[in-house]
Amino acid sequence: MKLKNEKKKDALCTLIAIAVMLVVLIVMELTMKSTSILFTVLKKGMIYALVAVSMNLLNGFTGLFSLGQAGFMLIGAYTYAIFSMPTAVKLGDTVYKYYDCAISLELGIFPALLLAGLFAAVFAALIGLPVLRLKSDYLAIATLGFAEIFRAFFQWDAMGPVTNGANVLRQYKDLTKVKIPFTNIPFPPTLFCFLVAGICIAIIVLLINSSYGRAFKAIRDDEIAAEAMGINLFKHKEMSFVISSFFAGISGALLAMFQYTVQAAQFKTAMTYEILLIVVIGGIGSVTGSCIASFLFIACNEWWLRFLDESSNNILGLNILRSGFRKVVFSIIIMIIVLFFSKGIMGEREFSWARARAFFRDPFGLVSRRKKPAVSEEVSGDA
Amino acid sequence: MSFLQNSLPYILAGISVGGQYALIAIGYTMVYGILRLINFAHGDVFMAAGMFMVFLSASLPLGAAIPLVLLLTVLLGFLIERAAYKPLRSAPRMSVMISAIGVSYLIQNCALYFTGGLAKVYPQLPWLSDTVTIFGAVTKRVTLVTPILTILLVVGLSLFIRYTKVGIAMRAVSKDFETARLMGIKVNSVISATFIIGSLLAAVGSLLYFTNYASVTPTSGGMPGLKCFVAAVFGGIGSIPGAVIGAFIIGIAENIIKGLGWTTFSVVFTFALLIIILLVKPTGLFGEKATDKV
C-alpha cells in the first residue's frame, strides 16, 4: 500500500516538474530575445537528446552495437525537407536549380514529420534483415557502412530530381513556420522542439518499461538465455532497430527544421560518433543520462567552450587559441570520461524522486558517510 | 586492343590502390587478431601520417622527412595503444571500441585544428610521382611500385611472424591471451609491437596512397579505414595473406566499378561484400574457425 502511494506521489512530482518546465520555457520565449544562444542550445540539445535516447534503445537496452544513427537522421531530414517544401518552391528554380523536382506533393508539418520517421523505419527494416544477423563489432561496421551508403546514394546525381543531388535543400517549413493550430500566431520554436522530442522520448520510455523492453534487456544480458526463455531474438532485434531508426528519423527532421538548410554532406560518420559519445557520457542504458549528457554536450560545444576558438583570448602572445581548439579540448575531455569514468553520469540508473529526496536530505553522503557508503553520489548535480 | 587500352588504367589503378589498402588492412587484422578490437583509430593514424608528411616536407628535405614521418606515425600508434587501450584491458569489449572511436574523434579534431579545416596539398615525391606509360596507359610510377613494395613487405612480415621470437609470441597471444601470459610472454610488449608494425605499414601505405591523390583532409582516413577493415574481414580476420588478398580484390573491384561510371556504388560494393561474406562464410576466406562458448 505504501509503495503504491509512493508511486502516485512520484508520478505527480514528474507531472508537476514537466508542467513547471514547460511554463518556464513559455515565459522565457515570451520575454527573452529569440536569437539568444540559450535557445539554440536548448533546441539542439533536445533534438540530440531524442537521437541519443533512440541510440541508447539499441546500444544500451538491446545490446546491439549499431553505428547507423546519422544515416537514419539523414533519411529523416531529407524526407521532411522534400515533402514539406511548398510546391511553388519545387517548381521554381531557387532550390532545384539543376533538376526538375519529381515530387510535387506538399505535406503539412506533422504529416511530413511522421513520414520522415516512417521512411527511416522502412529503410531500417530492409537493412535489418541481413545486418541484424551479424554480431557485435561486425554489426557496428555494417551499420556504419550503410550510413555511408545512404550518404553516397542521396548525393548521387541520378537521384537529383528527388534529393537535389549534393546541393542544399532549403525553403521548406522550418521552425519559424510552425503555427499554433487554427491561428496564425507562430508557435514558440523551443517549446515545439521540447514537445515533439519529449513525446517521442516518453514513448521510448514506455516501450522500455513494457514487456518488449524487458525482452530487449534480456537479449542484451544474455542472448542464449533469452532465446531459451522463448524470446524470438530476430523479431525483437528487428523491432528495436526499426523503432530506434523511426525516432532517429524524426530527430533528423527536427534538426532540418532547426537549421533551415539540409545537406547530405553534414551527416558524416563523425555525427554518429558524437551521438555515441553523448550516450557514453550519459551512461549506456540510462535515458535520463542521455538527455542530460546531450544538453551538456551541446552547451559545451556551442556555448561554454566557444571562447577557446577566439584568437583574441590568447594570453602571453601564444597563438594556441584559434578556430578548432575547442574541439580538441572537448575531445580530450571526452577521452578522459571514456577512460576513467566509463559509467558516465548516470551509469545504468535512471533519475528517481526517491534518490533525489535522499540526496537533498544528505548531499554527497556527507552526513552518513561513516554509517553507510554514499548511494547518491553520482546523481549529485542533476538532482 | 582498344578494350585493353580503355580498361588497363582502371585495372592498374585498382592493383595500386589494392596494395595500399593491403598495407593498412594488415594493421587492422593484426590488432583484431590479438585484442579482438576494431581499431577505429587506425584509419586516422593513416591520415595523420599524411599530415606529418605535409608539415615535415615543408621545412625538411624529403630524405629526412620520410624517415621522420615513419617514426612519428609509429610513435603515434604506440602512444594510442598505451594511453587509450591498455587501461581498458579487462573492460568489456564495447568500452575498448568506444575508446577507439574517441581516439579517432580526437585525432580528426586535432588535424582539423592544425590545418584550419583546409585540404593540405600533398608534396610531390620525385621519382614516385613521375608519369610512365605502359601499353599505352599513362600512369604515375607509384602505381607500379606499390604492388611490388607491398608484396615485399608482406613477405618480410610473414617471415618475421614465422621465425622471430616476437613473431612467435604474437601468434601465441592471438591464440590464447591468458595461456600466453602464463607461459611468460610479456603480453603488453607483444601488443605494443603489433601496433608499431601496423602503424609503420600504415605510414608506408599513406606515402603511396596520397602520392596518387593531390591532398589530405582531416577526414580522408575514414573511408579507406573502413574499406580496409572490410578487406581484413573478407580475407579472414587475423590472417595476413587473407587481408592482402581481400584488399587487392576490393581495390580492383572498386576501380572497375568506377571505370563503368558507377562511382557512387563503389562504397556500396564494399559493404555489400562485407555483409555477404559474413552471412555466407563468417570466418572469411582464410580465417580460422572460432567456436563460441556459451
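It should be emphasised that the depicted structure is a prediction, and the values quoted were computed from it without experimental measurement. Below, chains carry the letters A, B, ... as their sequence lines are ordered, and counting in each starts from 1.
With a threshold of 4.5 angstrom between heavy atoms, T115(B) does not approach chain A through any atom at all. When heavy atoms are compared at a cutoff of 4.5 Å, A91(B) does not approach chain A at all. Heavy atoms of R36(B) lying under 4.5 Å from chain A belong exclusively to its backbone. When heavy atoms are compared at a cutoff of 4.5 Å, L274(B) approaches chain A solely by way of its side chain, counted from C-beta outward. When heavy atoms are compared at a cutoff of 4.5 Å, V103(B) approaches chain A by way of both its backbone and its side chain.
Atom CZ of R326(A) is separated from atom CG of L112(B) by 9.5 Å, given to the nearest 0.5 angstrom. For the atom pair OG1 (T269(A)) and CE (M223(B)), the distance works out to 7.0 Å, reported to the nearest 0.5 Å. Taking CD1 of I38(B) as the reference point, atom CZ of F65(A) lies at 8.5 Å (rounded to 0.5 Å).
Inspection of non-hydrogen atoms places V328(A), F330(A), S331(A), I332(A), I334(A), M335(A), V338(A), L339(A) of residues 328-339 of chain A under 4.5 Å from chain B. Taking non-hydrogen atoms and a 4.5 Å limit, the residue list of residues 139-154 of chain A in contact with chain B, ordered by number, reads A140(A), I141(A), A142(A), L144(A), G145(A), F146(A), E148(A), I149(A), A152(A), F153(A).
A ring-centre distance under 6.0 Å is not found for Y273(A) and Y105(B).
Taking the six-membered ring where the residue is Trp, F229(B) and Y138(A) present tilted rings, their angle falling between 30° and 60°.
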